[in-house]
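Worksheet: the structure to be examined is printed underneath.
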Amino acid sequence: MKLKWAFLSLVFTMAIVLTGCEPLLVLNPQGPQAETQANVIWISIATMSVILIIVLAILITVLIKYRASKQSDDYEPPHIKSNPIVEGIIIGFPVLIIIFLGIVSVSSTYKVETTPEGYEDQEPLIIYASSSNWKWHFSYPEEDIETVNYVFIPEDRPIEFKLYSYGPITSFWIPQLAGQKYAMADMVTTLHLAAENPGEYMGRNANFSGEGFAENKFDVTALTQKEFDEWVEDIHQTAEPITEDEFNELLKPGHLGKLTFTGTHLDFSPAPEGEHAGHNHGDASEQEDHSEHSNH
Amino acid sequence: MKIDHSQPLEYSTEQNRLNILGFWIFLGAEIMLFATLFTSYFVYEDRIGSGPSGADIFEITPVLIETIILLTSSFTIGLAVHAMRINRTKAMTVFLGITLLLGAAFLATEIYEFNHYYHVGATLQTSGFTGILLTTLGTHGAHVTLGLFWGTMILMQIKKRGLTPQIANKSFIFSLYWHFLDVVWIFIFSFIYLKGMM
Amino acid sequence: MEFFERFAIYHPSPLIYASMVAIGLVSIAIVVGITYFKKWGYLWNEWLTTVDHKKIGIMYIISALLMLFRGGADAIMMRLQTAVPDNSFLDAQHYNEVFTTHGVVMIMFMAMPFIIGLMNFIVPLQIGARDVAFPRLNAISFWLFFFGAMLFNVSFVIGGSPDAGWTNYYPLASNEFSPSVGVNYYNWALQISGIGTLMTGINFIATILKMRAPGMKLMKMPMFTWASLLTNVIIVFAFPVLTIALLMGTFDRQFGTNFFTSMNGGMDMMWANLFWIWGHPEVYILILPAFGIYSEIISTFSERNLYGYKSMVWSMVLISLFSFTVWLHHFFTMGQNAFTNSIFSITTIAIAIPTGIKIFNWLLTMWKGKIRFTVPMLYSIAFIPLFTIGGATGVMLGIASADYQYHNTMFLVAHFHNVIIPGVVFAVLAGFTYWWPKMFGFMLNEKIGKWAFWFLTIGFCLAFFPMYVTGLDGQARRMYTYSEATGFGPLNMLSFFGAGLMAIAFALIVYNVYYSFRHSPRNVGDDPWNARSLEWATHNPVPEYNFAVTPEVKSSQAFWDQKKHGHKLFDKEYEEIHMPNKSGVPFIMGVLFSIFGFSFIFAIWIGVILSAIGIFACMIHRTFEQVHGFHISVKEIKETEEKFGGADK
């Protein structure tokens, strides 16, 4: 048994050493949402370690104390009936821990589903992020610009990503700023986040979506508000407007580099929300056609 | 094969009792099957896309005919089992025969109904709603079809061998199956047709 | 020619061609071998037509082991591909096919049949029954599973493997994004084997409820039987959901319906919901019998009664109920509101309560015991801390807000392997070793078994613990490669090394079977482990009729009572024993079902119609058939019992 624990500790040390140089992305949050999540992760690791240590302690004690080689040949283990007090403890202990974690879970779940704490008074910047095989399209309706495979956001401002997909279900994930959320074809989901520091962050699709999935990444850059405004201004001066034909060309399966346009595809290919949501898909004239049939 | 004469014929052997219990468990699985279909139906009910809605295509006449036929057949299969209990083989075969004929009539009406849906442009492919509608009705219809074949086989066996404990057991289990299909139909009638037409 | 083009491999590679040749050669070798040794008659009479629960159990286990190697080969390929950054051993499409088949094979065709195989062999013995309630149906269950598995396994050489993950989410699994026939294979292989599993469920509920030995009240059943009962209840309630989901998927792909599309009212989220309403109970279908196995083994090798029998039973009942209330935690990130996520988060982490109770009960079972470190016990001891880690990370994943970070990452992959391998795989290996003498009358070599155990445990830790780390560092699951800049390289290499150790362990287990078959002494007696429950009260290997006389039982450890308290289990005279006839029909039905599935996959309608007619013909044959079984005479029973060195009579 000693051998095993030696190996286990070896694994953990190796894991820590190997990754010790840089903190893990998820545990190195750069925004309030990701920070909430990192805190929850640490709390749950700590709580769970307590349980693991208790279980290990009992197990090791039992194995050392009651192994057959240590007992006399004629030792006959007793028949032990369950004791209500012991049973109470082994039921009560997990119940208490689950109540504690339940509270942590519910409060943090509500937290990550709203505007980040401390940013409630600011108007959030809305960015539509839509995926197609295997790219991400970012549309800024307010700024009237569109980018592909990269997104610039202003720091210290709440951002709402409106997510949907032109294909398989994908999952929009920026580990250091917020958790992930699915992008789907027939509805729009919302991911709230804010970046506290300027910098470059990794973003990717986390949900398997076919052949090009591994490379389905995008870069997130947080800028100061001033730099961000300059960048928008710059695009309006240099970039070409996006057209419907061009957008349809972009949707074809494959990989693209970073692209920039003025205007957004939302004008001619609206997001599946409100009247465009999935269950209302289909042509209105066709619908009339069918009801006519049914009157026959 | 030990036969216990204090029990009704269909319960009279150990294997018979096991078969009946096993079939009840199977019906439990069938309930889950139809529950899944109904749940899916409620999800897709309003997702009609560019196709027609329930109110557009449902017709009360065939549905009422189907309902009356199937309820009657449930009654006649009950009479058949009763006849079997009092050992009236002849009466039993007659009632079983009537049940199967009613089942066939039900099926014919349902085929007419499906044909109607096809003509008003409500096919499997039209929308999420028509797809789940026809799948649910079709699953029930397929059960009835299977029941017809099964009942016919039992009828042939009664003719050939008379009411042995095994055949009595099969007939009883068949009656459970038939009642179950009737119950499912009541749900279809209430939650698909009536709800859809309102 | 056009007809045959559909059978071409969708995404050919030298590896697949090599496997094709290997499959061909092995098949020829098997046929030649059986013919040469004149074993066709034996194979048909003793195995293919058997309705004996013991032989069916053994066939389940053999199939499961074969599938373990198929799924294991997939696993090694995946770990090899990701061992170094920017590797080009497999391309993206091939990698996608490999991880999809790995998942399906391991869950559906390895873990489930292994569990069901043990259940088949042990449950009737533990309750003192002659067989299951419906022996013929049991054989049909097995052959449906077997041919479903075979159907799935030919996919990669005929037409192409499924490539949308074992979760098979739409619209990715639709014709548009997965154009090969792979997902059709997925639909039909799971459908056919699923029907078989459903029938197993019905069969075992009836068996356990109705066929227990006199005196064995529900609360006096051995724990493995309790676990099996609850598992089968879950099967009966969960599998119909899968049936419908697969049917809808089949309609979408083959008849152009709009269930999971994104137009005309289709709804891709519906598949995810239906899949997980079945899928979450499915993992409990695997873990509950494993809990049962550990309960038997820990109690036996601690020489103690199982602590807290009642709370053990009730905690399993609770787990079974909860298993249907948590499916949404597989997609917290699908955009439901915080309230819905909170509810499902609470139900999810609440499962830790009954599970925690069980862990403590096992620990208390060892308390004041006399612990013998045999191979089955080593697996059970390693299970406790490793499963606690797996359960702990499960609770972490169940916290909805944090799941936004773990979801779809290697952290998740590490978690479910951490519960399934120490939970289920260790359990079936422990059970396999523990009940081996029951099946074959000799022991597996303990020394080789212990080597295998250490390789497996250490290999497991090395293979999966690093994934927790890379997951938190942003490695998404199912990525066929990654760049060097990510820094995932070294830990993935460590995983590959661990996977290699696990492969050695499985090779050792097979070698152990061979070695023990050649060298183990055959006179192990009827009670080699000093065991406690009823299955050990008959001989090793078990005679055809299980028990010469129906036992009378006073407690959940009937055999222990007999040994220690002088309770007489067999207090009756020999009587003639009625046995069911064997039948070739289940096997033929299995073949017909696989032809049906295969034809449907490729839309060869004539094959579909003919095989459907054949299946109905089998059923009609069955209903007209008059079989009354046969009887084993008292004289024969006496002879058999004497051969085993005198009975308890």
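Lettering of chains follows the sequences in order, A, B, ..., and the numbering in each one begins at 1.
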When the 4.5 angstrom heavy-atom criterion is applied to C:Ile277 and chain B, the contacting part is neither
Using heavy-atom distances under 4.5 Å, tell me whether B:Phe129 contacts chain C through its side chain, its backbone, both, or neither.
neither
Selection from C:Phe255, C:Phe624, C:Phe260 maximising heavy-atom pairs under 4.5 Å formed with chain B
C:Phe624
Thinking salt bridges, do C:Arg136 and C:Glu625 make one under a 4.0 Å N-O criterion?
yes
Just say parallel, tilted or perpendicular for the rings of B:Trp178 and B:Phe174, cut-offs at 30° and 60°.
tilted
Given that the side chain runs from C-beta out, which part of C:Met248 has a heavy atom under 4.5 Å from chain B: side chain, backbone, both or neither?
side chain
From C:Asn258 CG over to B:Tyr44 OH, what is the distance, rounded to the nearest 0.5 angstrom?
9.5 Å
Which portion of C:Met211 sits near chain B, non-hydrogen atoms under 4.5 angstrom
side chain
State plainly whether the residues B:Glu10 and B:Lys170 are in salt-bridge range, i.e. N to O under 4.0 Å.
no
Please output the residues of residues 234-244 of chain C in contact with chain B, using a heavy-atom cutoff of under 4.5 Å, in numerical order.
C:Val236, C:Phe237, C:Pro240, C:Val241, C:Thr243, C:Ile244
NE2 of B:His140 to CZ of B:Phe106, rounded to nearest 0.5 Å, is 5.0 Å
Does C:Tyr170 offer a backbone N or O that forms a donor-acceptor pair with the side chain of C:Asp268 under 3.5 Å?
no
Between B:Thr109 (side chain only) and B:Ala105 (backbone N and O only), is there a donor and an acceptor less than 3.5 Å apart?
yes
Quick check for you: to the nearest 0.5 Å, what is the distance between B:Asp4 atom CG and B:Leu9 atom CG?
11.0 Å
Ignoring hydrogens and angles, state whether a donor on the side chain of C:His280 or C:Ser323 is under 3.5 Å from an acceptor on the partner side chain.
no
Chain C: which of B:Leu21, B:Leu146, B:Thr130 shares the most heavy-atom pairs with it under 4.5 Å?
B:Leu21
Which bit of C:Leu198 comes within less than 4.5 Å of chain B, counting heavy atoms only: side chain, backbone, both or neither?
side chain
